[in-house]
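The figures that follow rest on heavy atoms only: side chains count, while hydrogens, waters and symmetry mates do not. Small disclaimer: the values here were computed from a predicted structure and weren't measured.
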Amino acid sequence: MGESCIFCKIIRGEIPSATIYEDGDFKVILDINPAARGHALILTKEHYANLYELPEELAGKAMVLAAKLTAHMTEKLHCDGFNLVQNNGEIAGQTVFHFHLHLIPRYKDGDNRDLLTWNQITYEDGQVAALAEMLRL
Ligand code: AMP
Ligand code: ZN
């Protein structure tokens with residue numbers, strides 16, 4: 001998979017990227033088709049298809065890095081909020097099957113407010129309690 005994976009190619013430097021951060025575990029690049037100015041992607045250096053495959057230690061480190069970058073980018077971009085988005089599977093909107101975490105700055109002026117909205121569904125009576133019981137970990 002790594003051979004043809006576009007993010008592996010970016011990690012290997014075979015295709016260019018606008019990199020804003022790099023360490024032993026991650027490379028952070030600007031998204032080529034941003035949802036907003038400054039939209040960035042945290043990529044793992046190793047190829048993991050998605051969150052299901054990501055080792056626990058890297059999952060923790062990715063969130064620590066996301067928090068750090070959210071603060072740093074908010075200061076630099078003067079944005080008014082931030083969304084973190086992480087898609088797993090085609091049905092969930094994943095198009096590149098190499099783990100990445102979207103960092104999306106949000107702006108009060110000129111923002112696309114519908115960027116991450118969805119239609120809400122409702123539960124029937126008792127459904128939510130049964131679901132919570134079934135899902136309790
Ligand atoms: P997802 O839909 O969650 O898999 O997100 C994939 C993201 O990768 C999209 O937002 C694309 O715009 C972005 N993307 C694809 N190719 C590149 C590239 N060569 N450099 C930067 N971002 C890219
Ligand atoms: Zn890859």
Side-chain angles (χ1 to χ4, degrees):
M1 181 63 211
E3 275 299 301
S4 60
C5 170
I6 191 160
F7 286 171
C8 281
K9 286 182 181 172
I10 286 176
I11 300 295
R12 290 195 296 265
E14 291 169 14
I15 56 175
S17 64
T19 302
I20 63 169
Y21 175 85
E22 191 161 4
D23 65 21
D25 296 313
F26 303 102
K27 191 177 179 83
V28 183
I29 64 169
L30 294 184
D31 195 302
I32 205 164
N33 291 125
R37 180 172 167 267
H39 180 168
L41 302 170
I42 297 181
L43 315 180
T44 51
K45 287 207 159 167
E46 293 287 322
H47 181 91
Y48 303 102
N50 49 41
L51 188 61
Y52 299 109
E53 288 191 3
L54 191 69
E56 204 173 273
E57 192 199 340
L58 281 182
K61 285 181 175 177
M63 189 49 82
V64 170
L65 179 57
K68 213 175 273 182
L69 284 164
T70 295
H72 170 72
M73 292 170 74
T74 298
E75 198 182 309
K76 294 286 184 182
L77 294 167
H78 305 290
C79 57
D80 304 295
F82 240 93
N83 290 114
L84 302 192
V85 177
Q86 202 277 308
N87 300 327
N88 298 281
E90 205 175 338
I91 188 66
Q94 188 176 10
T95 59
V96 178
F97 296 89
H98 175 131
F99 176 87
H100 56 282
L101 179 56
H102 294 260
L103 307 175
I104 308 177
R106 304 301 300 266
Y107 303 91
K108 275 184 191 155
D109 298 332
D111 198 358
N112 171 10
R113 285 177 193 283
D114 294 335
L115 194 61
L116 290 170
T117 56
W118 53 80
N119 294 323
Q120 294 176 323
I121 58 167
T122 51
Y123 288 123
E124 316 253 303
D125 279 356
Q127 245 188 346
V128 71
L131 197 55
E133 177 65 25
M134 189 266 282
L135 292 174
R136 197 160 294 129
L137 185 65

Could you tell me whether a side-chain N or O of [X] sits under 3.5 Å from a main-chain N or O of [Y], the two making a donor and an acceptor?
X	Y	value
His102	Asn83	no
Tyr21	Leu65	no
Arg37	Pro105	no
Gln127	Tyr123	no

Can you confirm whether more than 12 heavy atoms, excluding those of [X], are under 6.0 Å from its [atom1] atom?
X	atom1	answer
Glu14	CD	yes
Gln94	CD	yes
Ile91	CD1	no

Inset, instruction - Using the side-chain contact (heavy atoms from CB on, under 4.5 Å) rule, pick out the option among Ile10, Leu41, Ile6, Thr44 that qualifies with His98. - result: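 So, applying the side-chain contact (heavy atoms from CB on, under 4.5 Å) to His98 and each of Ile10, Leu41, Ile6, Thr44, only Thr44 qualifies.
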Legend entry - Residue among Ile20, Leu43, Leu101 satisfying side-chain contact (heavy atoms from CB on, under 4.5 Å) with Val28: Ile20
Which distance, rounded to the nearest 0.5 Å, do you find between the [atom1] of [X] and the [atom2] of [Y]?
X	Y	atom1	atom2	value
Thr19	Leu30	OG1	CG	8.5 Å
Tyr107	Asn112	OH	CG	13.0 Å
Asn88	Leu51	CG	CG	5.0 Å

Inset, instruction - Kindly indicate whether the side chain of Asp31, heavy atoms from C-beta on, has any atom under 4.5 Å from the side chain of Ile104. - result: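 SC-SC contact between Asp31 and Ile104 ruled out.
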Inset, instruction - Please tell me if the side chains of Asp23 and Lys61 come closer than 4.5 Å, counting only heavy atoms from C-beta onward. - result: no
Check whether [X] and [Y] end up in the same hydrophobic cluster, where Ile, Leu, Val, Met, Phe, Trp and Tyr are linked by side-chain heavy atoms less than 4.5 Å apart.
X	Y	answer
Tyr52	Phe97	no
Phe82	Leu115	no
Leu77	Ile29	no
Val85	Met63	no

Minimum heavy-atom separation for [X] and [Y], please, with both atom names.
X	Y	value
Phe26	Ala62	CZ-N, 3.6 Å
Lys45	Ile11	O-CG2, 3.7 Å
Val96	His100	O-CE1, 3.2 Å
Ala59	Leu54	CA-CD2, 3.6 Å
Arg113	Lys108	NH2-O, 3.2 Å
Leu103	Ala66	CD2-CB, 4.0 Å

Inset, instruction - Take Leu58 and Phe99 through the side-chain contact (heavy atoms from CB on, under 4.5 Å) test and state the conclusion after the steps. - result: CA-CA 11 Å; Leu58 281 182; Phe99 176 87; over 6 Å; no
